[in-house]
Amino acid sequence: MSGTSEGPVPRSGEPPDAGPPTVTERDETSPRELRDYRAAFRVAALPMAVVDGRGQVVRANDALGALLGTHPASLPGRRAADLVDLATDRRTWQAYGEVLAGTRSRLRCTRRLKHPDGRSLWTEVTLVPLADPADGPEGALLCLEDISDRHELQLRLRHLRMHDPVTRLPNRTLFFERLTTALATAPFQDDSLPRHGRIGLCYLDLDGFKAVNDTLGHHIGDRLLAAVAGRLTDCAEADGHRRTGGHLVARLGGDEFAILVEDSAGTHQLTELAGSVLGALERPFDVGGQLLSVSASIGVVERSVADATPTGLMQAADTTLYWAKADGRGRWTLFDPERNAHRMTRQALSATLRAAVERREFTLEYQPLVGMADGVVRGVEALVRWNHPRFGMLAPHRFVPIAEEDGSIVQLGRWVLRTACRQARRWQLEHPAEPALFISVNVAVRQLWDSDLVADVAEVLAETGLAPGLLQLELTESAVTGSAGRPLRVLQELSDMGVRIAIDDFGTGYSNLAYLSRLPVSVLKLDGSFVRGFRQEDGARSSPADETIVEAMVQLAHRLGLTVTAECVETSGQAERLRRIGCDTGQGWLYSRAVTPERIAELIGSRPPEA
């Protein structure tokens, strides 16, 4: 609603400084009809103005003057585009010129105008040509409608739609709208350079909030959420006052909140903000006369705008929040690209693990188990490897825990058992003059629960012809500690069948020695952490305590009728001391790494060279 400024109005496709369109002066209306028309125009309730081909007001009615807060007689000669602010939007300006030129049938847009008394008016502007386009342009009719009430209602409805009714905070929809806008409108150095600036996000989840709802009711839970929202807002405002950039606190759903930090000053700002939030939430909340304490886990992500997308930022925040909970709750955790890469690799392995068994991507290598007294290979442990088409050869620790979690260890375990027993029987048939090697196979505790391990073992032994006494099944100490019910029955049936049971990594857990007398165990495999304490080479100091512990465990095992295998034997000095203590067999790089079946065949009946 600026003052009158003479000037041309653009034709279609021309910039604002283009010359005026040509107007053909035509008026075939009779004087009486013209008087009636003008009278109706003047008293019409709809604010209107006649605009000539140059974009200047020819006449305006009383309703338009009232809407604009001026006398209608002062409007003729003024530029219509200035009255209703049409020149600020290039697309609208171009359409305006096309209507005046008669090449466009209508222009409709919404404009915010300022009344002289300071009020803001929201108006719907309509512009239509006055003449038939076939007869050439004769200007246009400008109509305005005050839609301020409608606009205010729309704003209120949008606010309700975009805000959480419990906490009054922006909801998930508004949060993502703001996040998308923040990334899309980040500052540019110029069109040829990438976006600069940084953005950060604290994504938090209240620890144990469900218990509040379950025990005290949802009405108390809602009041607690509102109180938490207030403290989060205070923390965000305090941080925002100290630094540049806007902060948006939002409730994303349930007990999940987010603090978006636009124009972040760096990782230190986000971690300081997360720390202040944790401190604020530590203070008890007085909710309805009850003092409630809550904590939160916070995932913190901070990165360059150039490297961020809304989806990517939220995925990273969600992952980091999961880490914070897994690391112990009541803490913040910063996004770690390396840790995330490991997680992504783990997910990729999990997604293809079951199919990999069917595609025969697994292979077995075998590590010798050597008699400590004579150095002769007595048996081998089967170690599974995954020849992954993308990640290469993977050791068991990379995929066995995943297989145990998703249950595919049952299928994989059957394959390992069958393959190892076939190989052991093949060595036996190929070297009939030599004592047969026993084969040791690892068994996960889930195989005891989720499969008929006894039936599987019986089937494999019958199929391969391997004697039960040549099969040794290894279970970790934690898997058999406190065993009762089904696991104990399974182990007992296997032992009754003649299969040897070994406890792997013995001594690493809370060793309840009483179970050794109850379980049908044949072998203890001492964890390598004890054996490493024997090492004196290369300046390493031996541990007298480790030697005392190992000697006591060996004596105890022998008194219980068990044999003892020492793992991770790497030097001849370790081997000699273990032999002196009384260990029966040894396993480790001193004798051999895990090797192919062909290499094991070469070792049968011979003494491996000690290095």
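- Within the 3.5 Å criterion, the main-chain N or O of Ser295 finds no donor-acceptor partner in the side chain of Glu282.
- Annotation: cation-pi pair Arg231/Phe285 present, NZ/CZ under 6.0 Å from the ring centroid and within 45° of its normal.
- Using a 4.5 Å heavy-atom threshold, the side chains of Phe362 and Thr419 count as separate.
- Between Ala444 and Ile409, the shortest heavy-atom distance links the atoms CB-CG1, 3.8 Å.
- Closest non-hydrogen pair, Leu364 versus Val384, comes out as CD2-CA, 3.6 Å.
- Ser495 places no side-chain N or O within 3.5 Å of a backbone atom of Leu491 that could act as its donor or acceptor partner.
- Separation of the Phe399 and Phe391 ring centroids does not fall under the 6.0 Å cut-off.
- For the pair Tyr366 and Gln423, the minimum side-chain heavy-atom distance is below 4.5 Å.
- Heavy atoms from other residues, nucleotides or ligands lying under 6.0 Å from NE2 of His558 number more than 12.
- Side-chain polar atoms of Arg343 and Thr319 form a donor-acceptor pair below 3.5 angstrom.
- Note that OG1 of Thr320 is 12.0 Å distant from CD1 of Ile298, once rounded to the nearest 0.5 Å.
- With hydrogens and angles disregarded, no donor-acceptor distance shorter than 3.5 Å links the side chain of Gln555 to the backbone of Ala552.
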* Determine, stepwise, if the pair Gln492 / Arg489 fulfils side-chain hydrogen bond (donor to acceptor under 3.5 Å, both in side chains). => CA-CA 5 Å; Gln492 188 61 61; Arg489 290 195 302 271; over 6 Å; no
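- Distance check, rounded to the nearest 0.5 Å: CG of Leu369 to CG of Leu437 gives 9.5 Å.
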* Asked: Please walk me through it: do Ser440 and Gln472 pass side-chain hydrogen bond (donor to acceptor under 3.5 Å, both in side chains)?
  -> CA-CA 4 Å; Ser440 189; Gln472 176 174 290; 3.0 Å; yes
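- Partner of Leu394 under the side-chain contact (heavy atoms from CB on, under 4.5 Å) criterion, out of His388, Arg385, Glu361: His388 alone.
- With contacts defined as side-chain heavy-atom distances shorter than 4.5 Å, the pair Met393/Glu365 does not qualify.
- A 4.5 Å side-chain heavy-atom check between Asp255 and Val212 finds every atom pair outside the cut-off.
- Atom CZ of Phe175 sits about 5.0 Å away from atom CG of Leu260, to the nearest 0.5 Å.
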* List the steps and the verdict of side chain to side chain contact (heavy atoms under 4.5 Å, CB included) for Arg359 and Thr352. => CA-CA 10 Å; Arg359 291 195 298 264; Thr352 58; 4.2 Å; yes
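- With values rounded to the nearest 0.5 angstrom, Asp318 atom CG is found 11.5 Å from Leu313 atom CG.
- Taking both residues in full, the closest heavy atoms of Arg303 and Ala308 are given as CD-CB, 3.8 Å, listed atom of the first, atom of the second, then distance.
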* So Val490 and Leu494, side chain to side chain contact (heavy atoms under 4.5 Å, CB included) or not? Walk me through it. -> CA-CA 6 Å; Val490 170; Leu494 290 170; 4.0 Å; yes
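- No side-chain donor-acceptor contact under 3.5 Å links Gln411 to the backbone of Ser408.
- Of the possible polar contacts, one joining the Thr345 side chain to the Ala341 backbone as a donor-acceptor pair under 3.5 Å is found.
- Checked by atom type and distance alone, the side chain of Arg579 pairs as donor or acceptor with a backbone atom of Met372 at under 3.5 Å.
- The two residues Pro468 and Met497 come nearest to each other via the heavy atoms CB-O, 3.4 Å.
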* Do Glu302 and Gln269 pass the side chain to side chain contact (heavy atoms under 4.5 Å, CB included) test, and can you show the C-alpha distance, the side-chain angles, and the key distance before you say yes or no? -> CA-CA 9 Å; Glu302 200 280 341; Gln269 178 186 2; over 6 Å; no
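- Atom CE of Met553 sits about 6.0 Å away from atom CZ of Phe506, to the nearest 0.5 Å.
- Under a cutoff of 6.0 Å and an axis angle of 45°, Arg446 and Trp449 do not form a cation-pi pair.
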* Using the side chain to side chain contact (heavy atoms under 4.5 Å, CB included) rule, take Leu562 and Ile503 through it: C-alpha gap first, then chi angles, then the decisive distance, then the call. => CA-CA 11 Å; Leu562 310 179; Ile503 298 179; over 6 Å; no
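- Here the closest non-hydrogen pair linking Ser264 and Gly266 is OG-N, 3.0 Å.
- Gln574 places a side-chain N or O within donor-acceptor distance of the main-chain N or O of Glu570, the cut-off being under 3.5 Å.
- Remark: the backbone N or O of Thr565 is not paired with any side-chain donor or acceptor of Asp584 at under 3.5 angstrom.
- A salt bridge between Asp207 and Lys325 is present, with a side-chain N of the basic residue lying under 4.0 Å from a carboxylate O of the acidic one.
- Counting only distance, with no hydrogens or angles, the side chain of Arg251 and the backbone of Gly254 share a donor-acceptor pair below 3.5 Å.
- The shortest side-chain heavy-atom distance between Ser451 and Asp456 falls under the 4.5 Å cut-off.
- Going from atom NE2 of His431 over to atom CD1 of Ile600 covers 11.0 Å, rounded to the nearest 0.5 Å.
- Partner Trp332 forms a side-chain contact (heavy atoms from CB on, under 4.5 Å) with one of Leu278, Val277, Leu204 and no other, that one being Leu278.
- When side chains are defined from C-beta on, Ile439 counts as touching Leu471, because their heavy atoms get closer than 4.5 Å.
- Shown here for Pro597 and Trp427, the closest heavy-atom pair between the two residues is O-NE1, 3.3 Å.
- Atom CD of Glu430 is surrounded by more than 12 heavy atoms from other residues, nucleotides or ligands within 6.0 Å.
- Atom CZ of Phe176 is surrounded by more than 12 heavy atoms from other residues, nucleotides or ligands within 6.0 Å.
- A salt bridge links Arg580 with Glu547; the closest basic N to acidic carboxylate O contact falls under 4.0 Å.
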